[in-house]
Amino acid sequence: MSSPRKIGQVLSSPVPGQEEAIQGWIYRTRSSGAIVFAVVRDSSGVIQVTVKKGNLPEGEFEAAKSAPVESSVIVIGKVFEDKRAPGGYELKASSFKLVGGADPFPITEYQSEELLLDNRHLWIRSREQTAVMKVKASVLEGARAWLKANDFTEVTPPILTQNACEGGVTLFKLKYFDREAYLSQSAQMYLEALIFSLDRVYSLTPSFRAEKSRTTRHLTEYWHLELEEAWTDNDGNMEVQENLVTAMVEQVLKDRQAELRLLGRDPADLKEVRPPFKRVRYSQAIEALKAKGFDLAFGSDMGAVEERAFTAEERAPIFVTNFPREIKAFYMKEDPTDPATVKCADMLAPEGYGEIIGGSERETDLGTLTARLKAQEIPLEAYQWYLDLRRFGSVPHSGFGLGIERVVRWICKLEHIRDAVPFPRTVARCYP
RNA sequence: GCCGUCGUAGCUCAGUCGGUAGAGCGUGUGACUGUUAAUCACAAGGUCAACGGUUCGAUCCCGUUCGACGGCGCCA
């Protein structure tokens, strides 16, 4: 007898009559007197197992008949083509061993969002969740491969910090012995410190935001891909961004087309993602939105509704550049050709999915930076080390932060960002 | 921080113009040798979120609290 194979392998090259062993979990069962149909799943797929009384020991038949959904099993049997079987092939069992029984599975045909979230540790076994996690792995794989090929060094910034990177964004505060510290909401400043020795760096870390945001695109804990490069202006950085995102999409298209289809995303949608991405200045975006009937003035930020309208018809991400200085962070460099604005770019995912990257060229002038901090009433003490970076061989540099789950949400066409992460942390939920 | 919706069986919901409740699924028992989240029969299963008020009487009306979900703002 051969050693167990993955169900996906068995189905991809089925040899009628060949004996196979599989190990997995019961997805559904139906019984009809002396015959039991058990659909078994593993990480690679599902197959119907047909268990007939008399073809195997009586105890094993009884076990198959009464095994609840999500029981774990090892099945040996011969593969046969059968039009009546879902998937076209089935395994006729000669051995059915129950490994772990199961209580009645709490997730059934009828589900509410609350039930699924309360039972997230069990719901992640679903085919949809499994597909999303596979796509996410490919997104990260594609990113890391591209970054390595382009000479970016992965670095490991701290998660515990005393810096509030972006003024106004809420931090999770915690006790750090006899002092206070925060969970990091961005590694940017640490990456800026690291470019002086490594030139081009990136990090992949969790970021934490204590915003009480109840939306389909916010998590309080999310995976943040941040990148910083020396000797590069905002335009150069945008090229990095569009090539990186394209590499992510290409990796997914290479390895995960079946998963995309299962999730309702036509892989063809993503084939239009290739550089260069469209570039639109903020002022042009405002004018375009006004033409669509939105009531906006220069200086007001694009809201969710506007952002959705602006990207609804797009098939690939677009950049919005040159936001007004007043609504952006203190470290963004003023654009000398348009001093009301800063040299920044947001990358918006198409189809209304909205912002996936926020990036900018960084202010390098010590005086300007200090003035901006004061103007935003940010205490200077905690930033002395950061300001030092401008005192010792400052160079033009740019960088950005990308929300991994936002990219996954867009690629997988998910309604809610919480399904882009196995155990979502939102304002109302930290369990399981 | 603001606005909105909801909370009835393990699950999804219906219902009671105020007189303490039903269905489907699931579960249990039985039947069935080709099912497709099978079918048939029988059965068990409920402090109607919590607390307070109005009332002869509240799951239903009113108030408060808690919890969940949705939207806005903010961001990735």
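Side chains included, hydrogens not; waters and symmetry mates left out as well; all remaining heavy atoms used. Note that the structure is a prediction, hence the values are computed from the model and not measured. A, B, ... follow the sequence lines: proteins, then strands. Residue 1 opens every chain.
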Determine the Euclidean distance between corresponding [atom1] atoms of [M] and [N]; express it in Å to zero decimal places.
N	M	atom1	value
B:G10	B:G34	P	36 Å
B:U47	B:U59	P	13 Å
B:G18	B:G24	C1'	28 Å
B:U54	B:C42	P	47 Å
B:A49	B:U16	P	16 Å
B:G67	B:A21	P	31 Å
B:C48	B:C13	C1'	13 Å
B:G19	B:A58	P	11 Å

Quick one: list whatever passes side-chain contact (heavy atoms from CB on, under 4.5 Å) with [X], sequence neighbours left out.
X	value
A:Asn234	A:Met238, A:Lys343, A:Ala345, A:Glu361
A:Glu221	A:Pro206, A:Phe208, A:Arg425
A:Ala193	A:Trp385, A:Leu389
A:Pro14	A:Val79, A:Tyr89

Atom-to-atom span, [atom1] of [X] to [atom2] of [N] - whole angstrom:
X	N	atom1	atom2	answer
A:Tyr431	B:G67	OH	P	16 Å
A:Glu307	B:C72	CD	P	11 Å
A:Met302	B:C72	CE	C1'	16 Å
A:Leu117	B:A68	CG	P	10 Å
A:Leu191	B:A76	CG	P	14 Å
A:His416	B:A76	NE2	C1'	15 Å
A:Leu116	B:C69	CG	P	11 Å
A:Gln111	B:A37	CD	P	14 Å

Reading 5' to 3' through nucleotides 21-33 of chain B, protein heavy-atom contacts under 4.0 Å coded B for base, S for sugar-phosphate only, - for none: ---BS------BB

Checking contacts here: which listed nucleotide ([options]) is nearest the side-chain heavy atoms of [X]?
X	options	value
A:Arg418	B:A68, B:G34, B:G70	B:G70
A:Glu211	B:U36, B:C75, B:A68	B:C75
A:Ser112	B:U35, B:U12, B:C75	B:U12

Atom CD of A:Glu415 with >12 non-hydrogen neighbours under 6.0 angstrom: no

Side chain to side chain donor-acceptor pair (under 3.5 Å) pairs, two or more places apart, involving residues 74-85 of chain A: A:Asp82-A:Arg84

OP1, OP2 of [N] versus side-chain N and O of [X]: anything below 4.0 Å?
X	N	value
A:Arg30	B:A38	yes
A:Arg406	B:C75	no
A:Arg214	B:G70	yes

Nucleic acid contacts of residues 353-363 of chain A, taken as heavy-atom distances under 4.0 Å to RNA chain B: A:Glu355, A:Ile356, A:Ile357, A:Gly358

Any residue of residues 217-226 of chain A with a heavy atom less than 4.0 Å from an atom of RNA chain B: A:Arg217, A:His218, A:Leu219, A:Tyr222, A:His224

From A:Leu204, A:Leu147, A:Val201, residue fulfilling side-chain contact (heavy atoms from CB on, under 4.5 Å) relative to A:Leu227: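 Exactly one option meets the side-chain contact (heavy atoms from CB on, under 4.5 Å) with A:Leu227, and it is A:Leu147.
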
Hey, does [X] reach any base, or is it just sugar-phosphate, or nothing, if we go heavy atoms under 4.0 Å?
X	answer
A:Ala85	base
A:Arg41	nothing
A:Asp346	nothing
A:Lys92	base

Partners passing side chain to side chain donor-acceptor pair (under 3.5 Å) against A:Thr215 (at least two apart in sequence or in another chain): A:His218

Set of residues satisfying side chain to side chain donor-acceptor pair (under 3.5 Å) with respect to A:Ser71, sequence neighbours excluded: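 A:Ser71 satisfies side chain to side chain donor-acceptor pair (under 3.5 Å) with no other residue.
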
Pair [X], [Y]: side-chain N/O donor-acceptor within cut-off below 3.5 Å:
X	Y	answer
A:Gln23	A:Asp42	no
A:Tyr222	A:Arg209	yes
A:Asn322	A:Asp335	yes

Side-chain donor/acceptor of A:Ser213 to base of B:G73, under 3.5 Å: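 By the distance-only test, yes, there is a pair.
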
Residue pairs, two or more places apart or on separate chains, that pass ring-ring contact (aromatic ring centres under 6.0 Å, His included) and touch residues 306-329 of chain A: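 Non-adjacent pairs meeting ring-ring contact (aromatic ring centres under 6.0 Å, His included): A:Tyr282-A:Phe323.
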
Non-hydrogen side-chain atoms of A:Glu70 and A:Arg41 separated by less than 4.5 Å: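 Side chain of A:Glu70 against side chain of A:Arg41, heavy atoms only: contact under 4.5 Å found.
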
4.5 Å side-chain heavy-atom contact, A:Lys278 and A:Thr311: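 No, side chains not in contact.
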
Upstream residue (5' side of RNA chain B) when A:Thr426 and A:Gln48 are each assigned their closest nucleotide: A:Gln48

Runs of at least three consecutive pairs that involve RNA chain B, where pairs are Watson-Crick or G-U with distances under 3.5 Å: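 Consecutive-pair runs (3 or more) involving RNA chain B: B:1-7 with B:66-72, B:10-13 with B:22-25, B:27-31 with B:39-43, B:49-53 with B:61-65.
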
Gap between atom CD of A:Glu60 and atom NZ of A:Lys53 - 0.5 Å precision: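 One gets 13.5 Å once the value is rounded to the nearest 0.5 Å.
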
